[in-house]
Number of protein chains: 2
Amino acid sequence: MTSDGRVARGDRTRTAVLDTAVSLATEVGLDGLSLAQLADRLGVSKSGLFAHWRSKEALQLATVDRAVTQWEERIVAPALRVPRGVRRLRALHEARIGFYAARVLPGGCFFANTEFEYNARPGPVRDRLAEASGRWTTFLERLVREAVELGELPADLDVPLLAYEIDALGISAVMRSRMLDPDVTYRHARQGLLNRLRALCPDPTLLTEGPS
Amino acid sequence: MTSDGRVARGDRTRTAVLDTAVSLATEVGLDGLSLAQLADRLGVSKSGLFAHWRSKEALQLATVDRAVTQWEERIVAPALRVPRGVRRLRALHEARIGFYAARVLPGGCFFANTEFEYNARPGPVRDRLAEASGRWTTFLERLVREAVELGELPADLDVPLLAYEIDALGISAVMRSRMLDPDVTYRHARQGLLNRLRALCPDPTLLTEGPS
DNA sequence: GAAAGAAGAACGACCGGTCGTATTTATTTA
DNA sequence: TAAATAAATACGACCGGTCGTTCTTCTTTC
């Protein structure tokens with residue numbers, strides 16, 4: 001951004017490049033991303049990329065950041081527009097499934113490919129992903145805690161454990177939907193959360209309607 | 001194997017190479033595996049590998065097969081030595097967690113790195129992994145069904161759904177243990193399964209003791 | 001001495017990265 | 001307003017290095 005708030009022309013092209021980089025890395029992996037291929041898809045020359053990022057690693061880092069932003073825009077933001085409580089928990093779950101379902105069919109999904117490439121390998125990329133994972137976990141636990149405070153879930157609930165169980169249903173949905181039948185996978189992921197909440201939630205009317 | 005059942009000398013060296021390849025791919029990923037590095041670690045020359053496999057791709061495929069075998073020896077086989085029913089389900093879960101925990105700390109884990117590299121990318125590697133995933137799912141459902149038939153779980157249980165939920169707790173344990181704290185992750189994975197079974201199992205004595 | 005096997009140099013292809021040049025864009029001058 | 005100049009950007013060619021793969025050479029063994 002320029003100092004007066006307008007979006008500089010360079011920033012626009014940067015974002016366009018990064019969006020393409022995310023979608024390319026979604027297909028071939030962040031490691032498999034080659035600058036020649038990226039430049040080809042963008043219709044620019046390879047050396048032009050070095051005008052915006054000093055190295056491939058810098059571009060990869062920016063790509064990760066962009067993917068994190070996309071994730072939060074696509075999953076976190078919509079859920080926050082739903083009333084808090086278990087309804088919001090289910091909306092988040094649904095948004096997550098939808099996010100992956102939408103991208104799994106044409107190609108892959110950035111996080112599904114990237115987190116597993118880089119986890120446990122020290123380095124700046126891993127650090128960013130670990131940071132994003134931590135933010136995500138904290139966010140999930142906050143949502144569960146809010147539902148408890150609203151009285152929609154038992155007061156003596158193990159909040160981190162339920163957050164983990166919810167996350168588990170989402171993660172496995174991502175993974176299994178790409179190896180096995182996506183339809184039954186997503187159905188199981190939805191039903192699993194519904195069962196879990198039904199067992200905990202004293203007010204059944206909160207769970208009667210389908211996913212928002 | 002030779003026709004009379006003895007293990008041919010060539011097969012022994014092939015297996016040794018593949019074990020090293022699995023452990024190397026566990027660290028750098030199946031894509032990141034380079035023949036020079038593999039030959040180095042084996043103390044042989046790069047061209048020697050071409051005597052056993054006609055191309056790198058053939059060696060990668062054999063590496064995947066070897067990893068699947070290791071998985072089944074390390075996780076499935078021990079669980080089958082435990083009495084069937086919910087005890088066996090918990091033993092399988094525990095074996096899975098232990099398998100990953102043992103390999104996560106030094107480096108990575110083959111499947112955690114590889115399945116996500118290759119899922120949704122068509123090709124022979126993906127096909128093998130999908131096939132192994134299907135076998136695993138079928139196996140899990142068989143174990144759940146056996147517990148139902150023993151009367152340890154309700155007769156009207158949704159078997160595939162519970163199998164999915166169990167698998168979900170394992171998958172997410174693998175994933176999260178590498179980005180976030182492994183100890184709390186594995187604890188959640190164990191407790192999650194215990195809670196789920198406790199809610200279903202009419203006989204509490206089956207769940208009193210700790211993991212085998 | 002001949003056959004077999006492994007070792008290592010040599011190959012084409014591709015990678016990330018650099019550089020000199022041409023083309024576009026913006027600013028100044030008449 | 002139109003022409004001229006300055007600045008920024010994009011481009012294709014090229015470099016060193018690594019990859020998978022092949023081919024030649026040398027050692028070993030019967």
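Keep in mind it's a predicted model, so treat the numbers as computed, not measured. Just the heavy atoms: all of them, side chains too, but no hydrogens, waters or symmetry mates, feed the values below. Note on naming: letters A, B, ... go to the chains in the order of the sequence lines (proteins, then strands), and numbering restarts at 1 for each one.
- Salt bridge status for A:Arg121 with A:Asp31: present, with a side-chain N to carboxylate O gap under 4.0 Å.
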Collect all protein-nucleotide pairs involving nucleotides 23-28 of chain D in which both atoms are nitrogen or oxygen and the distance is under 3.5 Å.
none

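- In this structure, A:Glu94 does not pair ionically with A:Arg90, as no charged nitrogen and carboxylate oxygen lie closer than 4.0 Å.
- Residues satisfying the ring-ring contact (aromatic ring centres under 6.0 Å, His included) criterion with B:Tyr164, sequence neighbours excluded, are A:His188.
- As rounded to whole Å, 16 Å separates atom P of D:dT21 from atom NE2 of B:His52.
- Remark: B:Arg96 engages B:Asp167 in a salt bridge, criterion side-chain N to carboxylate O under 4.0 Å.
- A:Leu180 is linked by a side-chain contact (heavy atoms from CB on, under 4.5 Å) to A:Arg176, B:Ser133, B:Thr137, counting only residues two or more places apart in sequence or in another chain.
- Regarding B:Trp53, its CH2 atom lies at a distance of 12 Å from the P atom of C:dA6, rounded to whole Å.
- Rounded to an integer number of Å, the gap from A:Leu49 CG to D:dT9 C1' is 13 Å.
- Whole-Å rounding puts the A:Leu38 CG to C:dC14 P distance at 18 Å.
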List the atom pairs, donor and acceptor, that lie under 3.5 Å between side-chain atoms in residues 71-85 of chain A and the rest of the protein, sequence neighbours left out.
from: A:Glu72; atom 1: OE2; to: A:Arg135; atom 2: NE; distance (Å): 3.3
from: A:Glu72; atom 1: OE2; to: A:Arg135; atom 2: NH2; distance (Å): 3.1

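- Partners of B:Arg145 according to the side-chain contact (heavy atoms from CB on, under 4.5 Å) rule, which considers only residues two or more places apart in sequence or in another chain, are B:Glu141, B:Glu149, B:Val159.
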Pairwise N/O distances under 3.5 Å, protein to nucleotides 17-20 of chain D:
from: D:dG20; atom 1: OP1; to: B:Leu33; atom 2: O; distance (Å): 3.4
from: D:dG20; atom 1: OP1; to: B:Leu35; atom 2: N; distance (Å): 3.4
from: D:dG20; atom 1: OP1; to: B:Lys56; atom 2: NZ; distance (Å): 2.7
from: D:dG20; atom 1: OP2; to: B:Leu35; atom 2: N; distance (Å): 3.1
from: D:dG20; atom 1: N7; to: B:Lys46; atom 2: NZ; distance (Å): 3.3

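- A salt bridge does not link B:Glu152 with B:Arg87: none of the charged nitrogens is closer than 4.0 Å to a carboxylate oxygen.
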